[in-house]
Amino acid sequence: MAQLSDRMRELVQPHLRDLEPYDPNFTPTRVNLSANENTYGVPATVRAAMDEALAATPTNRYPDPMSNELRDALAAWHGVRRENVIVGNGGDELLYNLVLAFGGPGRTLVNVPPCFSEYAFFASLAQTCVVDVWRDSETFLPNEGALVAAAREASLVVLTSPNNPTGDVAPLALVRRVCEACPGLVLVDEAYGEFAEKGASVEALLAERDNLLVLHTLSKAFALAGARCGYVIAAPDVVDALAAVRQIYSVNVLTQAAALAAVERREEFSPVVAQIRAERTRLFEALSRIEGVRAWPSEGNFVLVRTARASRVRERLRDEYSILVRDFSYAPGLADCLRITVGTPEENGAVIDALAALVADEAAAEEGGAND
Ligand code: PMP
C-alpha cells in the first residue's frame with residue numbers, strides 16, 4: 001500500500017502519519033457492480049424535472065447553507081419537522097461531522113464490523129477511540145449482548161441497516177436496547193433502507209429516543225451518487241450541533257435543486273427499487289447455486305459472496321470479462337469475500353455467467369495443481 005512521503009509524515013499531525021493516500025482502485029469496465037450505485041439511473045420523467053430545475057438555478061449566488069427547501073420536503077416525507085433534518089454533501093459528510101462534533105480524544109465510537117469502513121476511518125481522523133464489536137463470523141449478525149454492553153461506555157454507536165457489505169437488517173428491539181444503554185448518541189445508517197423489507201426502518205424509534213440519529217442518502221435508491229446528497233433525521237439539538245461544525249456551503253445549489261426534484265418525485269423511483277429487489281433475489285439464488293460459492297441473503301442492493309481465491313477471481317472478472325466487483329478479501333472478517341452490486345438484468349446475467357465459469361476454472365486449476 002502507498003504511504004505518505006517522508007516529508008509529509010513529518011508535517012502532518014502525528015496521528016495522521018500512517019494514513020494511506022486514497023486509492024479508489026477503480027478501473028473503467030463494461031459492467032461496474034463495485035460501488036453499490038443504482039445502475040438503472042434516474043427515471044426519464046424525474047430526469048426531465050431535474051434538468052428543468054437545474055436550468056432555472058443561478059450559480060452566481062451562494063447556496064442556502066441549510067438547504068431549507070429540501071429540508072422541508074424531506075421533513076414532510078418522513079413526518080418530522082424541519083428542525084429534525086440536516087442535509088450533507090453525501091452521507092459521508094454527515095458521518096464525518098458526527099465524529100467531529102461528538103468524537104475526539106478520550107471519546108469512544110462503537111463499531112460493528114465487518115461494516116462500512118468510513119466510520120472507523122473518520123473516527124481515526126478525529127482521534128476517536130474505536131471499539132469493535134465483531135459480528136458472528138458465519139452469519140455476520142451482530143453480537144447483541146456485547147453490543148449493548150459496549151454501548152454503555154460509548155460516546156457514539158454506529159450500526160448499519162441493511163449492513164454494508166453483509167446485507168442484514170438491525171432488529172428494532174436491538175436498536176432500542178442500544179439507545180437505552182448508550183449515554184451518548186446512536187446512529188443507524190439506513191443508506192440502503194429503501195431496498196429493505198417495509199417496516200425495517202428504525203425511524204419509528206426517533207419519537208421515543210432523543211439520542212437516535214438515522215442517516216439516509218440519495219446515492220443509492222435515488223440514483224444520485226454523483227450529486228452527493230445525504231441527510232440525517234434526529235432531535236433538534238443534535239441537528240444544531242451537526243450544523244455548528246459543518247462547512248456552511250457544503251451542499252451546492254445544483255445538488256439542492258436536483259435533490260429536491262428527486263424527493264418531490266420519489267414515487268417514480270418505486271418501480272426501479274422493486275426491480276432491484278427482484279433482481280437481488282435472482283442474483284442471490286443464481287450465485288448460491290454455483291458450486292464453490294456461498295452467498296449471504298441481503299436486504300441491500302448488493303450480495304456478499306465467498307469463494308476460494310476471491311482476489312484472483314475478481315481480477316479475472318475485471319480483466320477477462322470487463323466486470324468490476326468489490327474485493328473484500330483483504331478486510332478483517334471477510335476472507336475470500338466479494339461484494340456484487342445488484343445491477344440491471346443484463347449486468348446480473350453477465351456477472352452470474354462469468355463467475356460460474358471462473359469459479360469452475362479456478363477449482364480445476366487448484367485440482368490440477370494438487371495433482372502435480
Ligand atoms: N453509509 C453506507 C453504509 C454506505 O455504503 C455509503 C456509501 N457507500 C454511505 C453511507 C455514504 O454514501 P454517500 O456519501 O454517497 O451518501
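Remember, it's 1-based here, ligands and their atoms both numbered in the order they're listed. Side chains included, hydrogens not; waters and symmetry mates left out as well; all remaining heavy atoms used.
Between W296 and F328, a ring centre-to-centre spacing not shorter than 6.0 Å is recorded.
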Going through the distances and angles, do R294 and E138 end up as a salt bridge (charged side-chain N to carboxylate O under 4.0 Å, His left out)?
CA-CA 11 Å; R294 171 163 183 197; E138 279 297 305; 2.8 Å; yes
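Remark: the backbone N or O of A181 is not paired with any side-chain donor or acceptor of R152 at under 3.5 angstrom.
For Y231, the ring pair (Phe, Tyr, Trp, His ring centres under 6.0 Å) test picks out H78, H216, with sequence neighbours left out.
Sorted by first and then second residue, the pairs that involve residues 171-183 and meet side-chain hydrogen bond (donor to acceptor under 3.5 Å, both in side chains), not counting sequence neighbours, are R176-E208. Applying the side-chain hydrogen bond (donor to acceptor under 3.5 Å, both in side chains) definition to pairs two or more places apart or across chains, those involving residues 38-53 are T39-E347, T45-E268, R47-D51.
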Filter the ligand 1-protein atom pairs down to N or O on both sides and distance under 3.5 Å, then list them.
{"from": "ligand 1", "atom 1": "1 (N)", "to": "D189", "atom 2": "OD1", "distance (Å)": "3.3"}
{"from": "ligand 1", "atom 1": "1 (N)", "to": "D189", "atom 2": "OD2", "distance (Å)": "2.5"}
{"from": "ligand 1", "atom 1": "5 (O)", "to": "N164", "atom 2": "ND2", "distance (Å)": "2.8"}
{"from": "ligand 1", "atom 1": "5 (O)", "to": "Y192", "atom 2": "OH", "distance (Å)": "2.7"}
{"from": "ligand 1", "atom 1": "8 (N)", "to": "K220", "atom 2": "NZ", "distance (Å)": "3.1"}
{"from": "ligand 1", "atom 1": "14 (O)", "to": "G91", "atom 2": "N", "distance (Å)": "3.1"}
{"from": "ligand 1", "atom 1": "14 (O)", "to": "D92", "atom 2": "N", "distance (Å)": "3.1"}
{"from": "ligand 1", "atom 1": "14 (O)", "to": "R228", "atom 2": "NH2", "distance (Å)": "2.7"}
{"from": "ligand 1", "atom 1": "15 (O)", "to": "S219", "atom 2": "OG", "distance (Å)": "2.6"}
{"from": "ligand 1", "atom 1": "15 (O)", "to": "R228", "atom 2": "NH1", "distance (Å)": "2.7"}
{"from": "ligand 1", "atom 1": "16 (O)", "to": "G91", "atom 2": "N", "distance (Å)": "2.6"}
{"from": "ligand 1", "atom 1": "16 (O)", "to": "T217", "atom 2": "OG1", "distance (Å)": "2.5"}
{"from": "ligand 1", "atom 1": "16 (O)", "to": "S219", "atom 2": "OG", "distance (Å)": "3.4"}

